[in-house]
**Student:** 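After the structure tokens below, expect a handful of questions from me.
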Amino acid sequence: MAGGVGSRFWPMSTVERPKQFIDVLGVGKSLLQLTYDRFRDICKPEHVWVVTNRIYADLVKQQLPDIPTENILLEPCRRNTAPCIAYVSWRIKSKDPKANVVVTPSDHIVVDEEEFRRVIRMCMNFTSETDAIVTLGMKPNRPETGYGYIQADLSGSSPRNKEIFRVDSFREKPDLETAKAYIRQNNYFWNSGIFVWSISTIVNAFRIYQPTMSKIFESMLKIYGTDKEQESIDQLYPECENISVDYAIMEKTEEIFVCPADFGWSDLGTWGSLLSHSRHDLYGNALIGENISVFDTHNCIIHATEARKVVVQGLDDCIVAEKDGTLLICKLSEEQRIKQFSGEA
């Protein structure tokens, strides 16, 4: 899923080029490219599908040239994750009704990629043998208020796999005290938004719980892969309800499982999360760029991959970011105001 629009990492990210298409980590690859690379040993390029907004079609083609153009599905408007997932599910169904699928956001990071691939393969084996939906739950290491949580029933694992458990409930992003209460228990996990299922399972779930939406995509079965597909999507997609897959399917279906995992995951929703997942110097600074020098500076994230030279002195707990001649200097504690600074609020 690569259709998100946002400016959380302004001035690096903008509506025209949101964070999934930029080199947030300073490693020479965008988050979208890093996501694609994680699946190299799991599936072939021709089995990778990207759903994005039509305004990002060229960016996807430039960054993922190995993916067939027909595998890049273009949304005419934003309708949240349920229509996005429904569209690609019926599109894949038209080619392979027996497909086994992993759905993942394109703008997250994973530190331990070997463990990630092990977990994904294990979950795919599970969903290929059952009618289950599996979501990955990240083992929390702090009382995070920016993530939704999954409450798992750890009293007994699935008979088919000792690492997979039934979901008791999904919980909204909590306040700090509630998050602390979750952490004190061992059966709450961060909701990663990564799902594994068979095509037949997810299509049937949409038919049961979202019949109106399912009829839209079912009606197009004969034209998927033809020159009429985009025209029909442009016409019918805006009729879909704007709803997340969590509300549309996950919180309603009975055969829902969670696989608790720990592979160094983050959705990189804030500059603070990027700081925590970046390499630090002795003073807690994350320096992303080749020509950065710091003095008397602590716990800052400085992102300047294009600047000729950056020198920072005397800052604590700040963001310093430069892109295309625009410079941001902001307290980490005030980063929620970045949209105001960017003019994109």
Side-chain angles (χ1 to χ4, degrees), residues 1-3 39 42-44 46-52 68 70-106 120 123-136 158 160 164 166-167 170 191-226 228-230 232-259:
M1 297 182 289
F39 285 90
I42 294 174
C43 64
K44 299 176 182 178
E46 56 266 31
H47 294 160
V48 175
W49 295 77
V50 178
V51 187
T52 190
E70 68 172 24
N71 287 20
I72 303 172
L73 306 186
L74 305 180
E75 301 171 297
C77 58
R78 298 181 68 196
R79 281 296 182 269
N80 216 314
T81 54
C84 162
I85 289 171
Y87 178 19
V88 72
S89 296
W90 261 272
R91 184 66 177 83
I92 293 173
K93 181 179 184 294
S94 70
K95 293 193 68 172
D96 183 3
K98 297 182 180 180
N100 207 15
V101 177
V102 181
V103 175
T104 180
S106 60
I120 291 295
C123 291
M124 293 186 78
N125 288 336
F126 183 80
T127 56
S128 68
E129 300 171 347
T130 67
D131 294 327
I133 290 174
V134 177
T135 181
L136 300 193
S158 165
R160 291 179 177 269
I164 295 177
R166 282 197 175 271
V167 171
F170 290 88
N191 188 347
S192 69
I194 301 173
F195 308 106
V196 187
W197 47 48
S198 69
I199 280 296
S200 60
T201 294
I202 192 59
V203 165
N204 286 338
F206 270 100
R207 286 171 176 161
I208 295 170
Y209 301 112
Q210 296 295 323
T212 301
M213 193 182 301
S214 70
K215 288 176 182 177
I216 291 174
F217 297 103
E218 188 80 24
S219 70
M220 297 177 57
L221 271 175
K222 293 183 179 180
I223 64 172
Y224 289 127
T226 72
K228 296 180 180 180
E229 177 181 343
Q230 191 62 54
S232 295
I233 284 294
D234 290 347
Q235 178 183 352
L236 296 175
Y237 201 85
E239 297 180 10
C240 292
E241 181 182 359
N242 187 339
I243 186 173
S244 72
V245 73
D246 295 271
Y247 285 129
I249 303 294
M250 301 303 145
E251 295 185 3
K252 297 178 178 180
T253 186
E254 295 181 0
E255 290 300 304
I256 179 74
F257 293 80
V258 61
C259 178

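Computed from heavy atoms alone, side chains included, the values below leave out hydrogens, waters and symmetry copies.
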**Student:** Can you name the closest pair of heavy atoms from Y237 and C84 and give their distance?
**Tutor:**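 Result for this residue pair: OH-N, 3.1 Å.
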
**Student:** If you apply the rule side-chain contact (heavy atoms from CB on, under 4.5 Å), what do you find for I42 with H47, and how did you get there?
**Tutor:** CA-CA 10 Å; I42 294 174; H47 294 160; over 6 Å; no

**Student:** How close do F217 and P83 get, heavy atom to heavy atom, and via which atoms?
**Tutor:**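 The answer is CZ-O, 3.8 Å.
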
**Student:** Report the distance from atom OH of Y87 to atom CG of L74, rounding to the nearest 0.5 Å.
**Tutor:**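 Y87 atom OH to L74 atom CG measures 7.0 Å (nearest 0.5 Å).
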
**Student:** Of V51, V103, V101, which is the lone residue that meets side chain to side chain contact (heavy atoms under 4.5 Å, CB included) with I85?
**Tutor:**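 Passing option: V103.
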
**Student:** At what distance, to the nearest 0.5 angstrom, does CD1 of I249 lie from CZ of F195?
**Tutor:**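 Separation between the atoms: 10.5 Å.
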
**Student:** Do you know which two heavy atoms are closest between G193 and P105, and how far apart they sit?
**Tutor:**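 Closest approach of G193 to P105: O-CD, 3.4 Å.
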
**Student:** Could you check if a side-chain atom of T130 sits within less than 4.5 angstrom of a side-chain atom of E255, using non-hydrogen atoms only?
**Tutor:**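 The answer is no, as the side chains (C-beta and beyond) never meet within the 4.5 Å cut-off.
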
**Student:** Please examine the side chains of T127 and T201, heavy atoms only from C-beta on, and report whether any two atoms are closer than 4.5 Å.
**Tutor:**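 They are not in contact (no side-chain heavy atoms under 4.5 Å apart), so the answer is no.
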
**Student:** What are the two closest non-hydrogen atoms of C240 and I216, and how far apart are they?
**Tutor:**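 The answer is SG-CD1, 3.9 Å.
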
**Student:** Does a side-chain heavy-atom distance below 4.5 Å link T135 with V258?
**Tutor:**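 Counting from C-beta outward, T135 and V258 do come under 4.5 Å.
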
**Student:** Determine, step by step, whether R207 and E218 satisfy the side-chain contact (heavy atoms from CB on, under 4.5 Å) criterion, reporting the C-alpha distance in whole Å, the side-chain angles of both residues, the deciding distance to 0.1 Å, and the verdict.
**Tutor:** CA-CA 9 Å; R207 286 171 176 161; E218 188 80 24; 3.0 Å; yes

**Student:** Please check: side-chain N/O of N71 versus main-chain N/O of V48, any donor-acceptor pairing under 3.5 Å?
**Tutor:**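 Answer holds: yes.
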
**Student:** Can you tell me how far the OG atom of S200 sits from the CG atom of D131, to the nearest 0.5 Å?
**Tutor:**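 With rounding to 0.5 Å, OG (S200) is 6.5 Å from CG (D131).
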
**Student:** What verdict does the salt bridge (charged side-chain N to carboxylate O under 4.0 Å, His left out) test give for K95 and E46, after you've listed the backbone C-alpha separation in whole Å, the side-chain angles of each residue and the deciding distance to 0.1 Å?
**Tutor:** CA-CA 12 Å; K95 293 193 68 172; E46 56 266 31; over 6 Å; no

**Student:** Looking at every non-hydrogen atom in both residues, tell me the closest pair between E239 and Q235 and how far apart they are.
**Tutor:**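 Taking every non-hydrogen atom into account, OE2-O, 4.1 Å.
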
**Student:** Of all heavy-atom pairs between V203 and K93, which one has the smallest distance, and what is that distance?
**Tutor:**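 That would be CG2-CD, 3.9 Å.
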
**Student:** Keeping S198 on the side-chain end and N100 on the backbone end, is there a donor-acceptor pair under 3.5 Å?
**Tutor:**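 Pair absent, no side-chain N/O of S198 close to backbone of N100.
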
**Student:** Would you check if S219 and L236 make a side-chain contact, meaning some heavy-atom pair closer than 4.5 Å?
**Tutor:**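 They are in side-chain contact.
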
**Student:** Atom CG of L136 and atom CD1 of I164: how far apart are they, to the nearest 0.5 Å?
**Tutor:**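 Spacing of CG (L136) from CD1 (I164) equals 9.0 Å.
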
**Student:** Would you check if M1 and T81 make a side-chain contact, meaning some heavy-atom pair closer than 4.5 Å?
**Tutor:**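 Yes, at least one pair of side-chain atoms sits under 4.5 Å.
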
**Student:** Kindly assign one of parallel, tilted or perpendicular to the pair W90 and F206, based on the angle between their ring planes and the thresholds 30° and 60°.
**Tutor:**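 If you compare the ring of W90 with that of F206, the planes turn out perpendicular.
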
**Student:** Inspect the surroundings of OH in Y247 and state if more than 12 heavy atoms from other residues, nucleotides or ligands are less than 6.0 Å away.
**Tutor:**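 Open.
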
**Student:** Indicate yes or no for a side-chain donor-acceptor contact from R79 to the backbone of P238 under 3.5 Å, with no hydrogens or angles considered.
**Tutor:**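 A pair under 3.5 Å: yes.
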
**Student:** For the atom pair CD (E229) and CG (D234), what is the distance rounded to the nearest 0.5 Å?
**Tutor:**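 The CD atom of E229 sits 10.0 Å away from the CG atom of D234.
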
**Student:** Kindly check if the number of other-residue, nucleotide or ligand heavy atoms within 6.0 Å of NZ (K252) is above 12?
**Tutor:**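 More than 12 within 6.0 Å, yes.
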
**Student:** F39 vs T104, test: side-chain contact (heavy atoms from CB on, under 4.5 Å). Steps then yes/no.
**Tutor:** CA-CA 11 Å; F39 285 90; T104 180; 3.9 Å; yes

**Student:** Could you tell me if E129 and N125 have a donor-acceptor pair between their side chains, going purely by distance under 3.5 Å?
**Tutor:**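 E129 and N125 do not have a side-chain donor-acceptor pair below 3.5 Å.
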
**Student:** Between atom CG of N204 and atom OG of S214, what is the distance when rounded to the nearest 0.5 Å?
**Tutor:**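 So the gap between those two atoms works out to 10.0 Å.
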
**Student:** Just do the side-chain contact (heavy atoms from CB on, under 4.5 Å) check on M250 and N191 with the steps written out, would you?
**Tutor:** CA-CA 11 Å; M250 301 303 145; N191 188 347; over 6 Å; no

**Student:** Looking only at the aromatic ring of each residue, does the gap between the centers of F126 and F257 stay below 6.0 angstrom?
**Tutor:**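 Aromatic pair counts; centres sit under 6.0 Å.
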
